[in-house]
There are 2 protein chains.
Amino acid sequence: MPNRPEMPITDPQPEQAQPVGEQIRDLRKVRGLTLQGLADKTGRSVGNLSQIERNISDVSIPVLKEIAEALDVSINWFFQGVANAPADERDIIVRADNRRRLEFAGTGMVEELLSPNFSGTFEMILGTFAPGAATGSENYSRTGEVGGYLIAGELQLTIGERAFSIGPGDAFTYPSTEPHRCWNPGAAVATVLWVVAPPSY
Amino acid sequence: MPNRPEMPITDPQPEQAQPVGEQIRDLRKVRGLTLQGLADKTGRSVGNLSQIERNISDVSIPVLKEIAEALDVSINWFFQGVANAPADERDIIVRADNRRRLEFAGTGMVEELLSPNFSGTFEMILGTFAPGAATGSENYSRTGEVGGYLIAGELQLTIGERAFSIGPGDAFTYPSTEPHRCWNPGAAVATVLWVVAPPSY
DNA sequence: AAATGAAATTATTGTAGTTATTTTCATGCT
DNA sequence: AGCATGAAAATAACTACAATAATTTCATTT
């Protein structure tokens with residue numbers, strides 16, 4: 001009997017999807033909510049939510065929808081990306097073909113999560129700017145730190161009062177307390193790898 | 001006499017190089033040394049080192065060499081990369097053509113720093129693996145966290161007991177307490193963007 | 001089996017007191 | 001002049017403990 005039980009011989013289907021519990025917890029934390037806060041928003045008890053997050057109680061679709069709304073995601077968040085990655089790698093790896101997408105309707109901007117969850121000290125995001133696309137003049141005045149590496153294309157970056165032209169292979173780092181904007185002045189798509197610490201979405 | 005002495009009329013070269021003080025401090029901190037510790041290693045007084053790091057005292061070349069040795073870098077560390085970037089962007093940007101290189105003689109591996117300093121909560125590194133190149137079986141058993149994004153090529157990654165095949169566009173994250181190794185099984189160069197938190201070199 | 005409220009447990013935060021680290025500075029040195 | 005030193009003064013980092021908040025458990029209800 002050479003086979004160990006944790007290594008089954010046949011394993012046709014990819015793997016079981018990740019239960020939603022941890023996902024809810026991660027998302028709640030990154031939103032800075034407590035169980036109480038989420039309970040208030042959803043009109044649900046703290047004890048119940050605690051059990052849901054630890055997969056002791058199952059959630060029905062309507063309930064999950066409520067929770068999703070309170071956490072400001074669409075319900076399909078919980079079935080995208082890493083949520084349906086093979087169990088033996090979902091805590092570590094985010095495959096290129098299986099990322100969670102954050103759409104920014106109207107702007108030519110897409111962001112895709114490269115981190116499997118929000119529980120670490122930083123988060124990686126792959127950003128794509130269509131020609132001419134720009135981030136709004138959002139002043140992320142939170143605490144924290146941002147890093148970026150331009151994989152392809154051109155980027156015009158403004159940090160506080162200073163403006164920089166960034167080319168492929170250039171990297172940058174700034175405190176997220178500084179107001180910052182960026183836009184793609186080029187004719188090609190610009191691709192940036194962002195690092196955000198602490199994770200925020 | 002309109003010209004201030006620190007602004008000469010002709011300024012053909014880019015900008016003034018960064019004084020070594022901050023660089024020494026950053027490097028000392030990332031090594032986990034106190035001024036006392038560095039004083040012991042260099043046989044130099046704490047007060048003096050404090051002044052040097054704040055650019056109150058200048059260092060002579062022989063002294064800088066001592067310090068460099070104590071901090072385990074070659075003296076040219078202090079003149080590479082961001083150290084000679086234009087003053088108005090050196091705290092933020094690391095240009096593609098002006099990175100600090102960490103050579104790993106013998107192995108087909110090169111790392112280049114993408115962070116201007118070590119004072120943040122994370123550090124970005126561009127890693128290059130020649131075909132067949134591998135990291136030693138170093139078990140970075142420190143505390144902390146590592147993230148990676150494969151820009152090009154193939155990578156074979158081992159985290160603890162688990163092995164993964166990584167392709168372009170795949171990302172991964174793991175605690176640096178886990179022993180980890182990687183090698184390039186492909187015929188092309190593999191390029192990885194690493195994120196390390198907290199910074200360590 | 002899920003949901004609740006309340007008690008029990010566990011984390012988190014705040015606050016002194018302590019120790020370690022860094023800065024300052026008067027003085028000697030080259 | 002300006003670098004170097006040691007010792008005092010000022011800061012910063014750590015520790016322990018209490019207070020508070022957050023989470024889990026569980027007996028009970030729906």
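We name chains A, B, ... by the order of the sequence lines, and we start the count at 1 in each one. Please read these numbers as outputs of a predicted model, since none were measured by experiment.
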Open item on the list: Between A:Asp26 and A:Arg31, does any NZ, NE, NH1 or NH2 come within less than 4.0 Å of an OD or OE carboxylate oxygen?
Closed with: no
Only one of A:Arg44, A:Arg28, A:Lys29 passes salt bridge (charged side-chain N to carboxylate O under 4.0 Å, His left out) with A:Glu53, and that residue is A:Arg28
**OP:** Salt-bridge test for B:Arg54 and B:Glu22: reply yes if a basic N is under 4.0 Å from a carboxylate O, no otherwise.
**Re:** no
In whole angstroms, the gap separating P of C:dT23 from CG of B:Leu38 amounts to 13 Å
Q. Below 6.0 angstrom between ring centroids: does that apply to A:Tyr149 and B:Trp194?
A. no
Taking every heavy atom of B:Ser45 against every heavy atom of B:Ala39, the minimum-distance pair comes out as C-CB, 4.3 Å
Practice problem: Tell me what A:Ser50 touches on the nucleic acid: a base, only sugar-phosphate, or nothing, going by heavy atoms under 4.0 Å. | Solution: base
Here the distance between atom C1' of C:dT23 and atom CZ of B:Arg28, to the nearest Å, is 12 Å
Please tabulate, one pair per line, each protein N/O and nucleotide N/O from nucleotides 3-6 of chain C that are separated by under 3.5 Å, including the distance.
| from | atom 1 | to | atom 2 | distance (Å) |
| --- | --- | --- | --- | --- |
| C:dA3 | OP1 | A:Arg44 | NH1 | 3.3 |
| C:dA3 | OP2 | A:Asn48 | OD1 | 3.4 |
| C:dA3 | OP2 | A:Asn48 | ND2 | 2.9 |
| C:dT4 | OP2 | A:Ser45 | N | 3.1 |
| C:dT4 | OP2 | A:Ser45 | OG | 3.2 |

Result block: side-chain N/O donor-acceptor pairs under 3.5 angstrom for residues 61-77 of chain B, not counting sequence neighbours:
| from | atom 1 | to | atom 2 | distance (Å) |
| --- | --- | --- | --- | --- |
| B:Ser74 | OG | B:Asn76 | OD1 | 2.3 |

From CD of A:Glu53 across to C1' of C:dA2 the rounded distance in Å is 16 Å
In terms of heavy-atom contacts, B:Phe129 and B:Met109 come closest through CE2-SD, 3.6 Å
Outermost contacting nts on DNA chain D, any atom under 4.0 Å from chain A heavy atoms, listed 5' then 3', are D:dA22 to D:dC26
ask   = Closer than 4.0 Å, any side-chain N/O of B:Arg54 to the OP1 or OP2 of C:dT24?
value = yes
On a heavy-atom basis, the closest approach of A:Glu103 and A:Arg101 is OE2-NH1, 3.1 Å
